[in-house]
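The structure appears below as structure tokens.
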Amino acid sequence: MKILGIETSCDETACAVVEDGKKEIASVVASSAELHEKTGGIVPEVAARKQVESMVPVVEECLHEAHIKDPSAELDALAVTVGPGLIGSLLVGVEAAKALSLAWNLPLVPVNHLIGHIYSNFILDGKEKDIKFPAVVLIVSGGHTDLVVMFGHGRFDHLGGTLDDAAGEAFDKVARLLGLSKYLGGRLLSEKAAQCTNNTLAGKLPRPMMDREDFDFSFSGLKTAVLRLVENENYPTEVVACEFEAAVMDVLVDKTIRAAKTVGATSILLGGGVAANQRLRSQLSFAAGEISTPVFMPALKYCGDSAVYIAGAAGFNYVPRVLADIQANPSLGIMD
Ligand code: KG4
Ligand code: ZN
């Protein structure tokens, strides 16, 4: 089954064609991130206008890349992100997908963006993946931090999530206060941390809620602790970045492993923009190895926002809906 997916939840306009939920045929992503770097944060109206500008060219380029001349005949269905995200951005993708569904006479599958991140693990990158259930999934993005247990395709239970800032949001805010970036600073902060050869601050920042039995997170206090540290003491930026990254990853990995043990998980999965973080990838692999549980991670190109896993999620959970029932929902939760 060949599905064309559309993703416009934030500042990326993305379109992809995916076969059987896991094989990428084509993928195109346009991003307005540079504009938001200039304004020091995303301006939703600017993001939505860029979505409007990019939508048609991105779909056209994707069809071209997939060598599709007659979408009605060559595609089986369409998929679109319906939420969570920014309402203006979501509306562009949802309305475009509905229009294409009518024009091409193809069914349309609504997809939750967070579920999409989970399905980034099922996209093939060279080898078959033997993901077994129950699986524990850690979703870490700019807007969300969630621990989920996956019992099978489309069957999830929420174990816990952040009570305040998401992990990616904490990276972005700390990157800003360290003067590394004005918008999405996660990758830059991580690169700075990698320059640190001796973490003289090791263990000095808090590991928020790590000793609690539940699976919830809190990262806003950690961000404030970094602020106090840089205001009062003069540590090199790479040392502060390294200790901040270590604190976040210690908590994420500790809770994920504890969740895996609690539910008797046979696989551990990772998803979301922060899943690109090398320290998280290696620390989680090591910890999962110690409990002999296979860990699966999306290829780096499938960590950030993309339409590949939106079409992928629709392939594994093929439930087309009547167009009138498909609505953008900015505050969609993972269990909705
Ligand atoms: O999933 P995503 O592309 O967008 C949302 O759905 O929110 O995630 C973006 C987030 C941003 O906060 C970004 O700074 C963070 O992922 N990020 C990283 C890294 N690469 C991206 N955070 C830490 N380390 C990285 N290497
Ligand atoms: Zn995302």
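Whatever order the structure lists ligands and atoms in, that order sets their numbers, starting from 1.
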Of the side chain and backbone of Q278, name the one, both, or neither that has a heavy atom under 4.0 Å from an atom of ligand 1.
-> neither

Please state whether H117 comes within less than 4.0 angstrom of ligand 1, counting heavy atoms only.
-> yes

Output the atom name for the N/O/S atom of H117 with the smallest distance to the Zn ion (ligand 2).
-> NE2

Best match, D172, V274, L300, T81: closest heavy atom to atom 13 (C) of ligand 1 | D172

Atoms of ligand 1 less than 4.0 Å from F171 heavy atoms?
-> 23 (C)

For G143, take its heavy atoms, then give the atoms of ligand 1 lying under 4.0 Å from any of them.
-> 7 (O)

Taking the six-membered ring for Trp, are F156 and F151 ring centroids under 6.0 Å apart?
-> no

Under a 4.0 Å N-O cut-off, is there an ion pair linking R176 with E169?
-> no

Does C10 have a heavy atom less than 4.0 Å from any atom of ligand 1?
-> no

Atom 17 (N) of ligand 1 [closest protein heavy-atom partner, distance rounded to 0.1 Å] | G273 O, 3.7 Å

Nearest candidate to atom 18 (C) of ligand 1, where distance is taken over non-hydrogen atoms, out of A276, G142, G186, G304 = G186

Got more than 12 heavy atoms from elsewhere within 6.0 Å of CZ, R49?
-> no

Is V136 close to T256 at the side-chain level, that is, under 4.5 Å between some pair of heavy atoms?
-> yes

Would you mind reporting whether K132 and D130 have side-chain heavy atoms less than 4.5 Å apart?
-> yes

Near-ring test H158/F215, centroid separation under 6.0 angstrom = no

Is any N or O atom of G168, backbone or side chain, closer than 3.5 Å to an N or O atom of ligand 1?
-> yes

State if H113 counts as touching ligand 1 under the rule of any non-hydrogen atom under 4.0 Å.
-> yes

State whether the number of non-hydrogen atoms from other residues, nucleotides or ligands found under 6.0 Å of E34 atom CD is greater than 12.
-> no

Please confirm if an N, O or S atom belonging to H144, backbone or side chain, lies less than 2.8 Å from the Zn ion (ligand 2).
-> no

Please find out if less than 6.0 Å separates the ring center of F244 from that of F171.
-> yes

Any N or O of D305 closer than 3.5 Å to N or O of ligand 1 = yes

Shortest-distance N/O/S atom, D305 versus the Zn ion (ligand 2) | OD1

Close side-chain approach of L229 and V240, heavy atoms under 4.5 Å | yes

At what distance is the nearest protein heavy atom to atom 24 (N) of ligand 1, and which residue and atom is it?
-> N277 ND2, 3.0 Å

Centres of the Y302 and H117 rings: under 6.0 Å?
-> no

